[in-house]
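Within every chain, numbering begins at 1; the chains are lettered A, B, ... in the order of the sequence lines, protein sequences first and strands thereafter.
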Number of protein chains: 2
Amino acid sequence: MSPRRRATQVDIARAAGVSQATVSLVISGGHGSEQVAEHTRTAVLDAATRLGYSVNTAARSLKGGRNHILGLYTFESVFPTDQRDFYYPFLLGVERATAEVGYDLLLFSSVTPGPRRIYSDGINRLKVADGCVLLGRQVDHADIAELVRDDFPFVFVGRRELPGVELSYVAPDYGTATRDLVLRLTGLGHRRLAYLRPDDDQEPTRDREAGFRAGVADAGLPDQPVHVLPVGSSPPVDQVLDLLSEPLTTLLTTWRSDGVTALLVDPGENDRTIAVLEQVAVRAGVRIPEDLSVVLLGEPSPPPSARGADAELVSTRDWTRFTLPREGLGRAAVHLLLDLLDDDGPARQLTVPCLPVEGDTVCPPPVGAGA
Amino acid sequence: MSPRRRATQVDIARAAGVSQATVSLVISGGHGSEQVAEHTRTAVLDAATRLGYSVNTAARSLKGGRNHILGLYTFESVFPTDQRDFYYPFLLGVERATAEVGYDLLLFSSVTPGPRRIYSDGINRLKVADGCVLLGRQVDHADIAELVRDDFPFVFVGRRELPGVELSYVAPDYGTATRDLVLRLTGLGHRRLAYLRPDDDQEPTRDREAGFRAGVADAGLPDQPVHVLPVGSSPPVDQVLDLLSEPLTTLLTTWRSDGVTALLVDPGENDRTIAVLEQVAVRAGVRIPEDLSVVLLGEPSPPPSARGADAELVSTRDWTRFTLPREGLGRAAVHLLLDLLDDDGPARQLTVPCLPVEGDTVCPPPVGAGA
DNA sequence: ACCGGGCCCTAATTCACATTAACTAACGGC
DNA sequence: GCCGTTAGTTAATGTGAATTAGGGCCCGGT
């Protein structure tokens, strides 16, 4: 057991016959090393190599105030088994971007499970990181307010708003993506569109609707009908079918008589709507896309495989839609966080484009329709 | 902008009217805080909460204290996309166990793989964690040696050996799992077994063979033939078929004439062997399991879906086998690491049982055979 | 010679915390 | 009243690296 201490700058200094400060200048590179004579420089580097030196980042951070650690805190479990496919790309993006900028990623798991609280024992674990990316739906508002009060740098993935405070976040650009889909439809000749959205007042819902109206305006069409479904963004799964079947059937009839040839559906946080629509359309004899082009403003989830009891309410069609740039959001969050760390400015927001997916639920309008 | 410093223990001390040392005693918890009067204690905690204090991990680890952070270092990318399904359970296990013991998990992504440069923030970034779980195949021996030299506590997932040093690791109990499969076969009536292993000298390979011999002995059978294939554990994928077809065909003939009714296959790190065996058996008219029961001493990978060019060399059969307890290994690694932290003893090793999987490649021996 | 500058380098300080020896006050046993 | 004991607290020290304020030293100009 030789408790051989690891080499420090002092050791190198002794070996090279210089002072620790000089070693620091050489090792730290760029700024200081230009002021060091070449032969001293090589002598130091030589000794360093010989002694197997490497920087003690703890000491470096102590002086510099940075830990070079970014935190990732999720309000649900960090590696959720059941939502694995949903969260994984976020994690991937965050991890990769973190690595690229030379930081390490600290997963906050020690915080008790259940409703996750940041400030459980009064002392804030998050601060061991230089800044933090926050993920998850069920946000504890009190915690966030506390973080803001503490001036702790953090960035949300997904748009988050809190009355009275400015939060930093990265969010998908639902508006532009929706607008682009509208233009795609009008480009195909559709002149009468309908828009379907859940009954909530969340930002993503508003963004998409705004994008819809913008697209309609850009295409030079008059205002198009917007229909609000009597469900919030996350209704109980087992009631969705009952809740939506009748209203959707009615709407389909209305649209047909009104000459609507294309429909845009905001799935909310709940992708069952589109599945119900599919069922209802079949029953009503409306063919998609021959009679009615349909685009989905988001992604059906779970993406690939449906299992168990839900199977009947999972759509198998390849909807024309757009996907959340989930890895991109993770990456963007990291970069935004770094900006925050450097500038120490006010909260800021960033949007990331959504990628269109060419499905098979869109085609030109039926001849003679929508004149 | 106010460059508001983060609150330090000195700030708290001033606010609470005590010394910094007292604050440290209170904050660090258990050991010292019993020697602090209750009212002092609460005053300190109060001030800490009020000032939004949190410990500076850099300072703490500089001095050698505990951070309640465990590190996870992988010699490949932490969230590898292509090996995602393989590594995920390990991560899950590590993360969950870490959370359960009240630690946070630090993913070391900043450390660049490849040729290690001394003056980049090298391996000793690990030190910001109290200890570290190491994962991955392509281990850099120099790094490990360095860690050992530093007396840094770490645990490998998977058996790792380095000449001259004792490493701590958790490993699947291949031996017992193999023995159990042998007993399973003899229990069905098989009396003449054959064993197939790759041509390497790795520990897992040895373990499995030892388990085989133990099982054979336990069953009261004489020594059974062991055949070594002329490939190491990771031959080039595109050559496996060529390399193995002929020898396997020969072996099949030999076994048939020798009355062998069951075969145990050590897949090595390369699951193609079993795929080749399957092809060859079909071509030789040997039915599995009617003519020959086959068990796989490990898992075929990639588990569920085969894609691309490899598809022809991926077996689709549901082999009777055992699976690596991957989440369990992750968990065990964390617990072993904690033991190491507490005891500071010598390196230690731990094995975790493998779970048997009932496939459809085993049945009783053909009547009249193996008498 | 003397002064003024660069140029290289060093001594000293700082960072936030943990640890430890030492100190104080209060209390009792004798 | 002296010493010992114990609980509670403090002053001092160590940790590795970065930074800053200089201090020699050499050299050219005057």
What's the CZ-C1' distance between B/Arg14 and D/dT9, to the nearest Å?
-> 18 Å
Report the residues that fulfil side chain to side chain donor-acceptor pair (under 3.5 Å) with A/Arg160, sequence neighbours left out, ordered by chain and then residue number.
-> none
Integer-rounded Å distance: D/dT13 P and B/Leu62 CG = 19 Å
Which residues share a side-chain contact (heavy atoms from CB on, under 4.5 Å) with A/Ala145, sequence neighbours left out = none
Could I get the full list of side-chain contact (heavy atoms from CB on, under 4.5 Å) partners for B/Gln349, not counting sequence neighbours?
-> B/Glu166, B/Tyr169, B/Ala347
Any A/Ser24 side-chain N or O less than 4.0 Å from OP1/OP2 of D/dA18 | yes
Give the rounded distance in Å between these two atoms: CD1 of A/Ile27 and P of D/dT19.
-> 14 Å
How large an angle, rounded to 10°, do the end axes of the helix from C/dA1-D/dT30 to C/dC30-D/dG1 enclose when each is built from five base pairs?
-> 70°
May I ask you to evaluate whether B/Arg60 reaches the phosphate of C/dA18, defined as a side-chain N or O under 4.0 Å from OP1 or OP2?
-> yes
Between P of C/dT14 and NZ of A/Lys63, the distance in whole Å = 8 Å
At their closest point, which heavy atom of A/Asp130 faces which heavy atom of A/His68, and how far apart are they?
-> OD2-N, 2.7 Å
Only counting residues at least two apart or in another chain, list the ones meeting side-chain contact (heavy atoms from CB on, under 4.5 Å) with B/Ser19.
-> B/Ala21, B/Thr22
Figure out the CG/P separation between A/Asn67 and D/dA17, and round it to whole Å.
-> 16 Å
Any residue meeting side-chain contact (heavy atoms from CB on, under 4.5 Å) with A/Ala59, in chain and number order, not counting sequence neighbours | A/Asn56, B/Leu62
Side chain to side chain donor-acceptor pair (under 3.5 Å) partners of B/Gln20, counting only residues at least two apart | B/Gln9
Roughly how many Å is it from CD in A/Gln9 to P in D/dT15, rounded to a whole number?
-> 15 Å
Tell me which of A/Val23 and B/Ala59 sits closer to the 5' end of DNA chain D, going by the nucleotide each one is nearest to.
-> B/Ala59
Check nucleotides 5-11 of chain C against the protein and report each pair of N or O atoms closer than 3.5 Å, with its distance, or say if there are none.
{"residue": "C/dC9", "atom": "OP1", "partner": "A/Thr40", "partner atom": "OG1", "Å": "2.1"}
{"residue": "C/dC9", "atom": "OP2", "partner": "A/Ala37", "partner atom": "N", "Å": "2.7"}
{"residue": "C/dC9", "atom": "OP2", "partner": "A/Thr40", "partner atom": "OG1", "Å": "3.2"}
{"residue": "C/dT10", "atom": "OP1", "partner": "A/Ser19", "partner atom": "N", "Å": "3.3"}
{"residue": "C/dT10", "atom": "OP2", "partner": "A/Ser19", "partner atom": "N", "Å": "2.9"}
{"residue": "C/dT10", "atom": "OP2", "partner": "A/Ser19", "partner atom": "OG", "Å": "3.0"}
{"residue": "C/dT10", "atom": "OP2", "partner": "A/Thr22", "partner atom": "OG1", "Å": "2.4"}

Kindly write out the residues that satisfy ring-ring contact (aromatic ring centres under 6.0 Å, His included) with B/Phe90, not counting sequence neighbours, or none if the list is empty.
-> B/Phe86
Basic-acidic side-chain contact under 4.0 Å: A/Arg331, A/Glu327 = yes
Integer-rounded Å distance: D/dA17 C1' and A/His68 NE2 = 13 Å
